[in-house]
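Down below is the structure, laid out as structure tokens.
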Amino acid sequence: MNSTAAGHDAHTRARKAVESVSRSTVGAAGVLRVVHGAERIGSTAHRLQRGASSLVRGVVKPPYAATEPLDTLECHKLAEGVEYRVLYDRAALARPPQLDTTTRMMQRGEQARVVQFAPTKLLIVDDEFGLLPLTAGPDELESAVLLRDSAMLTALIRVFDDLWRPAAPLRESVASAEPDVPTDEERWILSLLASGATDDAIGRLMGFSSRTAHRRVRELVARLGVETRFQAGVRAVQLGWL
């Protein structure tokens with residue numbers, strides 16, 4: 001099985017596990033608490049990270065909670081030796097402020113990876129607490145579930161790990177370097193890459209041979225300073241090329 005298929009399977013398993021956890025919330029008194037309102041959700045996320053002592057895992061994707069910026073807090077926690085593993089949904093990194101913040105956090109030690117689609121936002125602190133969206137409007141979260149150490153939290157940790165393993169690592173040099181602006185033809189190739197097209201399909205659509213298409217894709221991947229086709233598509237979005 002190739003890495004793309006493995007990643008898709010991991011995402012499918014993760015989504016089903018998240019749905020299962022959400023259905024399990026009824027009747028789990030003592031294990032979880034429902035937090036209502038974007039401001040309270042943001043405050044809860046801030047409080048959980050403030051108390052972190054060893055490891056914070058996070059999945060970042062829209063919509064967002066109303067909260068004071070968390071990057072300053074993360075800087076303090078990283079300086080204290082707390083490890084951060086942050087998985088970014090591709091849509092999150094397409095927002096210029098988030099890309100700048102991610103680059104800054106990586107410079108301070110954040111481990112960052114990216115996936116094309118994350119099934120949910122998620123925050124897990126020290127394997128003891130988890131924060132999972134419950135309902136959301138188009139622009140912000142409406143309610144979330146705060147989980148304490150339990151079988152459900154263990155399931156969410158496995159969800160995160162299943163997403164993390166096949167995800168594409170971001171590197172500071174990749175996030176900050178800016179290659180020359182591509183030609184229109186190169187933008188077309190990158191857009192086809194981002195859509196998941198194979199070299200054969202790119203060749204047919206562009207009027208190239210399969211071998212030429214493979215070479216052009218390889219050159220673009222190297223030029224962007226990444227390692228995989230998927231990373232090339234992500235990086236192109238980060239740079240505003242697509």
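Computation of the quantities below employed the complete heavy-atom set of this structure, encompassing side-chain atoms and omitting hydrogens, waters and symmetry-equivalent molecules.
- Crowding of R215 atom CZ: a count of heavy atoms from other residues, nucleotides or ligands under 6.0 Å exceeding 12.
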Quiz item: Would D89 and K121 satisfy salt bridge (charged side-chain N to carboxylate O under 4.0 Å, His left out), going step by step from the backbone distance to the final call?
Solution: CA-CA 9 Å; D89 185 281; K121 295 170 66 69; over 6 Å; no
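- Using a cut-off of 4.0 Å between Lys/Arg side-chain N and Asp/Glu carboxylate O, E80 and K77 are scored as salt-bridged.
- The backbone N or O of F208 lies less than 3.5 Å from no partner atom in the side chain of T212, so there is not a single donor-acceptor pair.
- For the pair R113 and W164, the minimum side-chain heavy-atom distance is below 4.5 Å.
- With a 4.5 Å cut-off on side-chain heavy atoms, I157 and R57 count as touching.
- Judged purely by distance below 3.5 Å, without hydrogens or angles, the side chains of H46 and R50 pair a donor atom with an acceptor atom.
- One N or O on the side chain of S143 and one on the backbone of T135 form a donor-acceptor pair closer than 3.5 Å.
- Looking at heavy atoms from C-beta onward, V82 lies out of side-chain contact with L55 at the 4.5 angstrom threshold.
- Taking every heavy atom of both residues into account, L87 and A167 meet most closely at CD1-CB, 3.4 Å.
- How far CG of L163 is from CZ of R158: 14.5 Å, rounded to the nearest 0.5 Å.
- V56 and V114 fall within a single hydrophobic cluster, where Ile, Leu, Val, Met, Phe, Trp and Tyr are joined by side-chain heavy atoms under 4.5 Å apart, directly or via other members.
- Taken to the nearest 0.5 Å, the CZ atom of R218 stands 11.0 Å off from the CG atom of L220.
- The two atoms that bring A112 and Y88 nearest to each other are CB-CE1, 3.8 Å, heavy atoms only.
- The cluster map of Ile, Leu, Val, Met, Phe, Trp and Tyr, joined by side-chain heavy atoms under 4.5 Å apart, puts L205 and V217 in the same cluster.
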Quiz item: After noting the C-alpha distance and the side-chain angles of D199 and R229, does the key distance pass the salt bridge (charged side-chain N to carboxylate O under 4.0 Å, His left out) rule?
Solution: CA-CA 10 Å; D199 290 346; R229 299 162 61 94; 2.5 Å; yes
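- Heavy-atom minimum distance, P133 versus L141: CB-CD2, 4.0 Å.
- Residues L192 and I202 share a closest heavy-atom pair of CB-CG1, 3.8 Å.
- Of the N and O atoms on the side chains of E74 and Q49, not one donor lies less than 3.5 Å from an acceptor on the other residue.
- Rounded to the nearest 0.5 Å, atoms CG (L131) and CG (L153) are 11.0 Å apart.
- Comment: R85 does not engage E110 in a salt bridge, judged by the lack of any side-chain N to carboxylate O separation of less than 4.0 angstrom.
- The closest side-chain heavy-atom distance from H36 to E142 is not below 4.5 Å.
- Judged by distance alone, the side chain of D126 and the main-chain N or O of S53 form a donor-acceptor pair under 3.5 Å.
- From E185, atom CD reaches atom CD1 of I189 across 5.0 Å, with rounding to the nearest 0.5 Å.
- Once rounded to the nearest 0.5 Å, the distance linking CG of L190 with CZ of R216 reads 10.0 Å.
- Put simply, the side chain of R33 does not reach to within 4.5 Å of the side chain of V145, judged on heavy atoms.
- A donor-acceptor contact shorter than 3.5 Å links the side chain of S150 to the backbone of R148.
- Within the 4.5 Å cutoff, the side chain of F129 has no heavy atoms near those of the L147 side chain.
- Cluster annotation: I124 is not connected to M105 through the hydrophobic network of ILVMFWY side chains, with a link wherever side-chain heavy atoms come within less than 4.5 Å.
- Side-chain contact check for E140 versus P62: every heavy-atom pair is 4.5 Å or farther apart.
- A side-chain donor-acceptor contact under 3.5 Å links S210 and D200.
- With respect to L146, the side chain to side chain contact (heavy atoms under 4.5 Å, CB included) criterion is satisfied by exactly one of L48, L32, V34: L48.
- In terms of modelled atom types and a separation under 3.5 Å, the side chain of K61 and the main chain of A92 share no donor-acceptor contact.
- Summarising the geometry of T120 relative to V59, their closest heavy-atom pair is O-CG1, 3.1 Å, with the distance given to 0.1 Å.
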